[in-house]
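This report concerns only the one structure given below.
So that the names make sense, note that chain A is the first sequence line, chain B the second, and so on, each numbered from 1. Everything numeric in this text was worked out from a predicted model, so none of it was measured.
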Number of protein chains: 2
Amino acid sequence: MERETLIETFIEEIRQRFARVFLDVLVLKLVQIEPMWGYRIIKETERTFGVKLRHSALYPLLHSLEVKGFLRSRREVKKGRVRKVYDITSKGIQFIDFYHDFLREQLQTLKLKK
Amino acid sequence: MERETLIETFIEEIRQRFARVFLDVLVLKLVQIEPMWGYRIIKETERTFGVKLRHSALYPLLHSLEVKGFLRSRREVKKGRVRKVYDITSKGIQFIDFYHDFLREQLQTLKLKK
DNA sequence: TACAATATGTCCTATTTCGGACATATCAAG
DNA sequence: CTTGATATGTCCGAAATAGGACATATTGTA
């Protein structure tokens, strides 16, 4: 019995593709809400978006976002546990703003060049 | 001499990442404007977006979009040359509509679940 | 008649990415 | 005192993807 794939399935695939490919943007947006450390970002993305991040992907990403100047970090010791709390920079905010402009552009009606 | 990478460079990278990862969406949108065949899609994306598509990526993509029911094709013979003209289906239009809804969602202010 | 453009397709390897394993340390609870 | 949660990191093999090469046919132009 042939079963037609529901359109919702394809949209769910888009959702997952987006989360995978624009993980950097997701992380910047989370940190923009409030400063966070890696472990909490993992818990928060699972709780809020149902997306399970692997820490082996997240920690190197946080490092590269710091190198790019989009995040800055400070060490924080809470009850003997060392946390690396990340905060978004003005450059990071600017990047997110540009990114949103780009998304709005994608929502415009496509026109071919004459 | 250390040279800080311009924010525009990162935005350009986003643009390219988008074109690479959401090539299916770009193709659907182009075909939505007017029915097209593979070769013309390649020429049109280069002219309009400056994105060079490889035909080895496009043709299998067109096939899979047809299998998914987002496109339908008809053979057209123009001056002895066989063209496979693709047209968007109602399912394809629905997909693009859902995709736009998703983009609008991405533009909303992020809020963490309490 | 040879070359560029139009037109569609597959194949295979190199590169990239993914995701689980390895590694380590503290604290809280049972 | 052991297990689970918190916390941060690296490494490496497998899987997926990218992109150039291979393949073929017609038409238009120099």
Side-chain angles (χ1 to χ4, degrees), chain A residues 13-27 30-31 34-68 71-87 112, chain B residues 13-27 30-31 34-68 71-87 112:
Chain A
E13 190 275 321
I14 284 276
R15 215 170 269 280
Q16 279 169 28
R17 215 195 300 179
F18 213 86
R20 185 163 39 83
V21 172
F22 293 106
L23 187 57
D24 51 352
V25 173
L26 179 75
V27 167
L30 273 176
V31 174
E34 62 180 88
M36 284 187 200
W37 54 99
Y39 190 85
R40 195 179 155 205
I41 290 170
I42 290 169
K43 294 290 155 187
E44 213 65 67
T45 46
E46 185 164 6
R47 210 165 54 92
T48 309
F49 311 106
V51 176
K52 285 184 186 183
L53 296 190
R54 283 155 299 103
H55 73 275
S56 63
L58 182 64
Y59 289 118
L61 175 65
L62 288 170
H63 298 330
S64 81
L65 288 175
E66 193 169 20
V67 169
K68 284 176 185 167
L71 292 177
R72 77 173 72 83
S73 68
R74 59 173 191 276
R75 282 171 57 87
E76 197 183 275
V77 184
K78 198 105 178 178
K79 294 178 191 171
R81 281 199 194 94
V82 181
R83 281 176 185 166
K84 208 166 160 186
V85 179
Y86 288 90
D87 201 349
L112 301 176
Chain B
E13 190 275 321
I14 284 276
R15 215 170 269 280
Q16 280 170 27
R17 217 195 298 179
F18 211 86
R20 184 164 39 83
V21 173
F22 293 104
L23 187 57
D24 51 353
V25 173
L26 178 75
V27 167
L30 272 176
V31 174
E34 61 180 88
M36 283 187 202
W37 56 98
Y39 190 85
R40 196 181 154 204
I41 290 170
I42 290 168
K43 294 290 157 189
E44 214 64 69
T45 45
E46 185 164 7
R47 212 164 54 89
T48 310
F49 311 104
V51 175
K52 286 184 184 181
L53 295 190
R54 285 156 298 104
H55 72 276
S56 63
L58 182 64
Y59 290 117
L61 175 64
L62 287 170
H63 298 329
S64 81
L65 288 175
E66 192 168 20
V67 169
K68 284 176 185 167
L71 292 178
R72 79 173 71 84
S73 69
R74 59 174 191 275
R75 281 170 58 86
E76 197 183 277
V77 183
K78 198 104 178 177
K79 294 178 191 170
R81 279 199 196 92
V82 182
R83 280 177 187 167
K84 210 166 157 183
V85 180
Y86 288 90
D87 202 349
L112 300 176

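We find that R40(B) and E34(B) are joined by a salt bridge, their nearest charged nitrogen and carboxylate oxygen being less than 4.0 Å apart. Under the 4.0 Å criterion applied to side-chain N and carboxylate O atoms, K68(A) and E66(A) are not assigned as salt-bridge partners.
Between E46(B) atom CD and dT6(C) atom P there is a gap of 11 Å when expressed in whole angstrom units. The CD1-P distance, from I41(A) to dG9(D), rounds to 11 Å in whole Å. In this structure, E13(B) atom CD and dT16(C) atom P are separated by 14 Å, rounded to whole Å. Taking atom CD1 of I42(B) as the reference point, atom P of dG19(D) lies 14 Å away to the nearest angstrom. Distance D24(B) CG to dT17(D) C1': 14 Å, rounded to the nearest Å. Straight-line distance from the CG atom of L53(A) to the P atom of dG19(C): 11 Å, rounded to whole Å. Regarding M36(A), its CE atom lies at a distance of 16 Å from the C1' atom of dT6(D), rounded to whole Å. Between the P atom of dA5(D) and the CD atom of E44(A) lies a distance of 17 Å, rounded to the nearest Å.
Contact annotation: R81(A) side-chain N/O to dC27(C) OP1/OP2 distance is not under 4.0 Å. The side chain of K84(A) contributes an N or O atom lying less than 4.0 Å from OP1 or OP2 of dG9(D). The phosphate of dT8(D) (OP1 or OP2) has no side-chain N or O of Y39(A) nearer than 4.0 angstrom.
Interface remark: the H63(B) side chain does not form any donor-acceptor pair with the dG9(C) base, using a distance-only criterion of under 3.5 Å. Put simply, the side chain of S56(A) and the base of dG20(C) share a donor and an acceptor less than 3.5 Å apart.
In plain terms, the two heavy atoms of H63(A) and Y86(A) that are nearest each other are ND1-OH, 3.6 Å.
Here R20(A) lies in heavy-atom contact (under 4.0 Å) with sugar-phosphate atoms only. Within 4.0 Å (heavy atoms only), R54(B) reaches at least one base atom of the nucleic acid.
In this structure, T45(B) contributes its side chain and I42(B) its backbone to a donor-acceptor pair below 3.5 Å.
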Which is it for E76(A) and R74(A) under the salt bridge (charged side-chain N to carboxylate O under 4.0 Å, His left out) test, yes or no, and what are the steps along the way?
CA-CA 6 Å; E76(A) 197 183 275; R74(A) 59 173 191 276; 3.8 Å; yes

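Residues K78(A) and A57(A) both approach DNA chain D. Their nearest nucleotides, taken by heavy-atom distance, put K78(A) toward the 5′ side.
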